[in-house]
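Take a look at the structure below.
Computed over heavy atoms, backbone and side chain alike; hydrogens, waters and symmetry mates excluded. Note on naming: letters A, B, ... go to the chains in the order of the sequence lines (proteins, then strands), and numbering restarts at 1 for each one.
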Amino acid sequence: MKEKQRKTGTMLVLAAALGMCIFGAVNGEAEEVFLKAVKICMECIGLG
Amino acid sequence: MLYGGPLKHFCVPGMNCYSCPGALGACPVGALQNALTARRRRFPFYVFGYLLAAGVIAGRFICGWLCLFGLVQELLYKIPVPKIRIPEKIDRKLRYLKYAVLVVLVIGLPLFWRSPYGSGTPFFCKFLCPVGTLEGGVPLVLLNRALRPALGWLFRWKMLLLLLCVLSSMVIYRPFCKYICPLGAFYSLFQKISVVRIEVNTDACIRCGTCAGACAMNVRPDQAPNSTECIRCGECIRACPAGALSFSCAGKEILGSGKKQRKKVTVK
């Protein structure tokens, strides 16, 4: 892979990733992650 | 019993069960499955974007340096017991298993296998993940008497998987990372374009193969420094007698072996 193409690919994916993160956070997805992460996940520990 | 502060809005880059009493952040695989199993189907932009960003910035450098379960396996492998080297043919096929785990157990089944009430099941977390058992299940059951009567076949199954993982980690280098880990599988897709990478100075390389001998993930760093299987542990950089390998970040060398690079001599 040519260096320039690789760098362009990296920048495009990174920009898309940051865009998705911001879009998701604005739509309340970070809050959903938080609500799941602060409670004991019964499936994760083998009780669910 | 669990940390409930604002840091849990964010995922950590490595495997980290959020039910662990010591966890400060969310697990990216758990968060992804939680989003996929929701009754209201929608694309998980936040978690997917996070995974994409982590993958494109660091790739499997995360597996080598930031994953707690990777560290556990690394330490178990240091126990002085006879080691097993899986034949290359079988090893190469088994490595595809982690992609199947990612596609089937982490994405496919949680998304499409729905209960009559419309919610899905986080298949990977529930039936396979030994990290949840080790970091969440074992300490929570030990610390909380009220949970003990609820232990059933699922807990025993997960303990069996954990035991298998622990025992195999003593004789095989990082078996979970090599063959099962869906997070490693996802990050491996970005190895070729990630910002942090390993570079080979082809002029300095003397093609002695020392780097390949030092690589416990069975990669040839001189030929494929950014192989999907490379966890960027840096052992090859340390082993290279010619100082031809280095870590680079955004095209700039950040960490070499400290050895002076030899100039290639062409014999006519």
**Message:** Looking at every heavy atom in both A/Val33 and B/Cys11, which two are closest together, and how far apart are they?
**Reply:** CG1-SG, 4.5 Å

**Prompt:** Which distance, rounded to the nearest 0.5 Å, do you find between the SG of B/Cys129 and the CD of A/Glu43?
**Reply:** 12.0 Å

**Message:** Show me the pairs that pass ring-ring contact (aromatic ring centres under 6.0 Å, His included) and involve residues 124-162 of chain B, at least two apart or across chains.
**Reply:** B/Phe123-B/Phe127

**Prompt:** Any donor and acceptor pair, going by atom type alone, linking the side chain of B/Lys8 with main-chain N or O of A/Val38 inside 3.5 Å?
**Reply:** no

**Message:** Using a 3.5 Å distance criterion without hydrogens, assess whether the side chain of A/Thr10 forms a donor-acceptor pair with backbone atoms of B/Ile193.
**Reply:** yes

**Request:** Can you tell which part of B/Leu2 gets under 4.5 Å to a heavy atom of chain A, answering side chain, backbone, both or neither?
**Result:** side chain

**Prompt:** Any idea which of B/Cys27, B/Cys20, B/Cys17, B/Pro122 has the most non-hydrogen atom pairs under 4.5 angstrom with chain A?
**Reply:** B/Pro122

**Message:** Treating B/Lys192 as the side-chain partner and A/Arg6 as the backbone partner, does any N or O pair qualify as donor plus acceptor under 3.5 Å?
**Reply:** no

**Message:** Suppose we screen for ring pair (Phe, Tyr, Trp, His ring centres under 6.0 Å). Which residues come up paired with B/Phe190, at least two apart in sequence or across chains?
**Reply:** B/Phe186

**Asked** Hey, which residues of residues 39-62 of chain B are touching chain A, say heavy atoms under 4.5 Å apart?
**Response** B/Arg42, B/Phe43, B/Pro44, B/Phe45, B/Tyr46, B/Val47, B/Phe48, B/Gly49, B/Tyr50, B/Leu52, B/Ala53, B/Val56, B/Ile57

**Request:** Below 4.5 Å from any heavy atom of chain A, which atoms of B/Arg148 appear? Answer side chain, backbone, both or neither.
**Result:** neither

**Request:** Using non-hydrogen atoms and a 4.5 Å limit, figure out which bit of B/Ser194 sits close to chain A: side chain, backbone, both or neither.
**Result:** backbone

**Request:** For residues A/Leu47 and B/Ala150, report the shortest heavy-atom separation together with the two atoms involved.
**Result:** CD2-O, 3.8 Å

**Message:** When you measure from the side chain of B/Thr133 to the backbone of A/Ile45, do you find a donor-acceptor pair of N or O atoms at a distance under 3.5 Å?
**Reply:** no

**Request:** Report the distance from atom CD of B/Gln33 to atom SG of A/Cys44, rounding to the nearest 0.5 Å.
**Result:** 8.0 Å

**Request:** Could you walk me through whether A/Met42 and B/Leu154 pass side chain to side chain contact (heavy atoms under 4.5 Å, CB included), step by step?
**Result:** CA-CA 11 Å; A/Met42 290 300 185; B/Leu154 186 59; over 6 Å; no

**Request:** Provide the full list of ring-ring contact (aromatic ring centres under 6.0 Å, His included) pairs with a residue in residues 1-40 of chain B, sequence neighbours left out, each pair given once.
**Result:** A/Phe34-B/His9

